[in-house]
**Student:** 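One structure, pasted below without further comment.
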Amino acid sequence: METNVLTSDKSLTYSPKLLDFTARFWFITATIGQWIFGGYIIAVYYTSTFTGDFARWNKVLPKGYVEGDWKGNLMVGVHVILAAIIVIGGPLQLIPRIRDRFRTFHRWLGRTYLVTAVIVSLVGFVMVWTRGTVGDTFMYISNSVQAIYILVFAVLAIRYAQKRQFDKHRRWTLRLFMVANGVWFFRVGLMAWLVVNQAPVGFDPETFTGPFLTVLSLFSYGLPLSVILLEMYFYAQKIQNQTFTYMTSAVILLFTLIMALGIFGATMGMWLPRM
Ligand code: HEM
C-alpha cells in the first residue's frame with residue numbers, strides 16, 4: 001500500500017509514518033501467509049491433479065472428487081488449480097518494486113489475475129449451489145456474496161484502468177485483492193480462534209456450523225472486515241487527522257497480530273501436515 005504525498009499545510013503536524021508502517025507490516029505478514037497457502041495448493045492440488053491421483057482431493061475437501069461426476073470434478077480441478085494464481089500472484093502485484101521495474105510483467109499478471117478471479121469465483125459459486133460443501137445456508141449465501149463482490153470489483157478495476165484513472169483503479173484493485181482473499185481470511189480467522197481456545201468453541205466441528213462460523217463467514221465474505229480496514233486506511237490518508245490515524249494504525253496492528261497467529265495455526269495445523 002502506498003501513502004499519499006503530503007502537500008497541504010496539514011503535513012506540518014500530520015505524520016503518515018505510523019500508518020505507513022502498520023500497512024506495510026500488515027502486507028508483509030499477509031504475503032507470507034498467502035504464499036504458504038499457495039505452496040500448499042501447489043503441493044496438494046497440482047501434484048494430485050497432474051499425476052491423476054484425484055482421490056487425494058478427498059483427504060482435504062469433503063466433496064472434492066465424486067466418482068462419475070466429471071463435470072463437478074472438472075469444476076473443482078479448475079477452481080483449485082487457478083486459485084494458486086490468485087493467492088501467489090495477488091501480493092506480487094502489490095509490491096512496488098516489482099510493479100515499477102517489471103511493467104510488462106505487472107500488466108500481464110494483472111490481466112491474468114482479473115480473469116482468474118472472475119473464473120474461480122463463478123466456478124466456486126456453481127460448486128456451492130450444485131455440489132454443496134460444509135457449513136449451512138448462511139455460509140453458502142455469504143460465500144456467494146463474496147463472488148458478487150469479486151465480479152463487480154474486477155469490472156470496476158478494469159473500467160478505471162481503461163479510463164486511465166489510476167488512483168481509482170488502484171483502490172478497486174486493492175478492494176478486489178481483499179475480497180478475492182476471503183477464503184484465506186476465513187481459514188486464518190478460524191485457526192487463530194482455535195489457537196486461542198485450544199478447542200472448537202462456538203461451532204460443531206462435525207457439521208461445521210455454529211454461531212462462531214456464522215460470524216466468521218459474515219466478516220470474511222458478506223461484510224468483509226478486510227475491506228472495512230482498507231476503507232479506514234484510505235480515509236485516514238484522505239483526512240490526515242492524527243487521532244484517526246492512530247486509531248486506524250492500532251486497529252490494523254491488532255488485526256495483523258491476529259492474522260499472524262492464524263497463519264501460524266493454519267500452517268502448523270492445516271497446511272504443512274497435508275503437504
Ligand atoms: C476467488 C478467490 C477464491 C480462491 C483463491 C479460492 C480457493 C479455494 C481453495 C484453495 C480451495 C481448497 C480448500 C482447501 O484445500 O483448504 C477452495 C475450495 C472451495 N471453494 Fe474456493 N476460492 C475462491 C473463491 C470461492 C468462491 C467465491 C466460492 C463460492 C461462491 C468458492 C467455493 C469453494 C468451495 C465450495 C470449495 C470446497 C469444495 C468442497 O467442499 O469440496 N470459492 N477454494
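The first residue of the sequence shown is numbered 1, and numbering continues consecutively from there. Read the numbers this way: they start at 1 and go in the same order the structure lists the ligands and their atoms.
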**Student:** Evaluate the side-chain proximity of I42 to I88: yes if any heavy-atom separation is below 4.5 Å, no if none is.
**Tutor:**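 The answer is yes; the side chains approach within 4.5 Å.
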**Student:** Checking side-chain contact (heavy atoms from CB on, under 4.5 Å) for the pair F125/I150: CA distance, chi angles, key distance, verdict?
**Tutor:** CA-CA 11 Å; F125 183 86; I150 293 173; over 6 Å; no
**Student:** Starting from atom 3 (C) of ligand 1, locate the nearest protein heavy atom and write down its residue, its atom name and how far away it is, to 0.1 Å.
**Tutor:**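 Here the nearest protein heavy atom works out to V120 CG1, 3.6 Å.
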**Student:** Atom 11 (C) of ligand 1: which protein heavy atom is closest, and how many Å away?
**Tutor:**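 For atom 11 (C) of ligand 1, the nearest protein heavy atom comes out as V80 CG1, 3.9 Å.
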**Student:** Looking at R274 and V44, what are the two nearest heavy atoms and their distance?
**Tutor:**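 Distance-wise, the nearest heavy atoms are O-CG2, 3.4 Å.
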**Student:** Is NZ or CZ of R175 both nearer than 6.0 Å to the six-membered ring centre of W172 and within 45° of the ring axis?
**Tutor:**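 Checked: cation-pi criterion met.
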**Student:** When you measure from atom 35 (C) of ligand 1 to every protein heavy atom, which one gives the shortest distance, and what is it?
**Tutor:**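 Scanning the protein heavy atoms, the shortest distance from atom 35 (C) of ligand 1 goes to V128 CG2, 3.6 Å.
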**Student:** Would a distance-only check, ignoring hydrogens and angles, find a side-chain to backbone donor-acceptor pair under 3.5 Å from H169 to A157?
**Tutor:**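 Yes; at least one donor-acceptor contact below 3.5 Å.
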**Student:** Decide whether L190 and L261 are clustered together by the hydrophobic rule: side chain heavy atoms of Ile, Leu, Val, Met, Phe, Trp, Tyr closer than 4.5 Å, transitively.
**Tutor:**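 No, separate clusters.
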**Student:** To the nearest 0.1 Å, how far is atom 13 (C) of ligand 1 from its closest protein heavy atom, and which atom is that?
**Tutor:**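 Atom 13 (C) of ligand 1 sits closest to the protein heavy atom R187 NH2, 3.1 Å.
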**Student:** Note the single closest protein heavy atom to atom 7 (C) of ligand 1, along with its residue, its atom name and the distance in Å.
**Tutor:**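 For atom 7 (C) of ligand 1, the nearest protein heavy atom is A83 CB, 3.6 Å.
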**Student:** Relative to the heavy atoms of F37, which atoms of ligand 1 are at a distance of less than 4.0 Å?
**Tutor:**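 Ligand 1 atoms under the 4.0 Å threshold to F37: 10 (C).
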**Student:** Could you give the distance from CG (L225) to CG (L229), rounded to the nearest 0.5 Å?
**Tutor:**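 These two atoms lie 5.0 Å from each other.
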**Student:** State if Y221 counts as touching ligand 1 under the rule of any non-hydrogen atom under 4.0 Å.
**Tutor:**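 It does not; every heavy atom stays at 4.0 Å or beyond.
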**Student:** Under 3.5 Å between any N/O of S144 and any N/O of ligand 1: does that happen in this structure?
**Tutor:**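 There is no such contact.
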**Student:** List the closest protein heavy-atom neighbour of atom 39 (C) of ligand 1: residue, atom name, distance to the nearest 0.1 Å.
**Tutor:**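 It is T133 OG1, 3.5 Å.
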**Student:** May I ask you to list the atoms of ligand 1 that are less than 4.0 angstrom from any heavy atom of L61?
**Tutor:**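 It comes down to these atoms of ligand 1: 12 (C), 13 (C), 37 (C), 41 (O).
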**Student:** Counting heavy atoms only, which of A180, A84, G124, G182 comes nearest to atom 2 (C) of ligand 1?
**Tutor:**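 Comparing heavy atoms across A180, A84, G124, G182, the nearest one to atom 2 (C) of ligand 1 lies in A180.
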**Student:** Output the list of atoms in ligand 1 that are nearer than 4.0 Å to some heavy atom of G64, sorted by atom number.
**Tutor:**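 That gives atoms 41 (O) of ligand 1.
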**Student:** Taking the six-membered ring for Trp, are the ring centroids of F166 and Y160 within less than 6.0 Å of each other?
**Tutor:**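 Centroid distance F166-Y160: not below 6.0 Å, so no.
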**Student:** Could you pull out the closest heavy-atom pair between S217 and M139, with the gap in Å?
**Tutor:**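 Residues S217 and M139, closest heavy atoms: OG-CG, 3.5 Å.
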**Student:** Which residue and non-hydrogen atom of the protein lie closest to atom 4 (C) of ligand 1, and at what distance in Å?
**Tutor:**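 Looking at atom 4 (C) of ligand 1, the protein heavy atom closest to it is V183 CG2, 3.6 Å.
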**Student:** How far is atom 41 (O) of ligand 1 from its nearest protein heavy atom, and which residue and atom name does that atom have?
**Tutor:**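 Sorting protein heavy atoms by distance from atom 41 (O) of ligand 1 puts K63 N, 3.0 Å first.
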**Student:** Taking atom 36 (C) of ligand 1 as the point of reference, which of M127, Q146, M270 owns the nearest heavy atom?
**Tutor:**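 The nearest heavy atom belongs to M127.
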**Student:** Any idea which part of Y45 is under 4.0 Å from ligand 1, heavy-atom wise: side chain, backbone, both or neither?
**Tutor:**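 The answer is the side chain of Y45.
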**Student:** Could you list the atoms of ligand 1 found under 4.0 angstrom from a heavy atom of I150?
**Tutor:**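 So the answer, numbered in order with elements, is 1 (C).
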**Student:** Flag the pair F255 / W26 as yes when their ring centroid distance falls below 6.0 Å, and as no otherwise.
**Tutor:**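 Not close enough - the centres of the two rings lie 6.0 Å or further apart.
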**Student:** What atoms of ligand 1 come within less than 4.0 Å of a heavy atom belonging to F125?
**Tutor:**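 So the atoms of ligand 1 that pass are 29 (C), 30 (C).
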**Student:** Under the side-chain contact (heavy atoms from CB on, under 4.5 Å) criterion, do K63 and T133 qualify, and how do the steps go?
**Tutor:** CA-CA 6 Å; K63 302 210 173 139; T133 181; 5.7 Å; no
**Student:** At a 4.0 Å threshold, what atoms of ligand 1 neighbour a non-hydrogen atom of I41?
**Tutor:**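 Counting atoms of ligand 1 from 1, those under 4.0 Å from I41 are 10 (C).
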**Student:** Could you tell me whether some N/O pair between N143 and ligand 1 is separated by less than 3.5 angstrom?
**Tutor:**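 So ligand 1 has no N or O lying under 3.5 Å from an N or O of N143.
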**Student:** Regarding atom 42 (N) of ligand 1: of the candidates M139, R274, H79, M75, which has the closest heavy atom?
**Tutor:**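 Shortest heavy-atom distance from atom 42 (N) of ligand 1: H79.
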**Student:** Which atoms form the tightest heavy-atom contact between Q146 and V179, and what is the distance?
**Tutor:**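 Result for this residue pair: NE2-O, 2.9 Å.
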**Student:** Determine the minimum heavy-atom distance between T130 and V126, stating which atoms define it.
**Tutor:**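 That closest heavy-atom pairing would be OG1-O, 2.6 Å.
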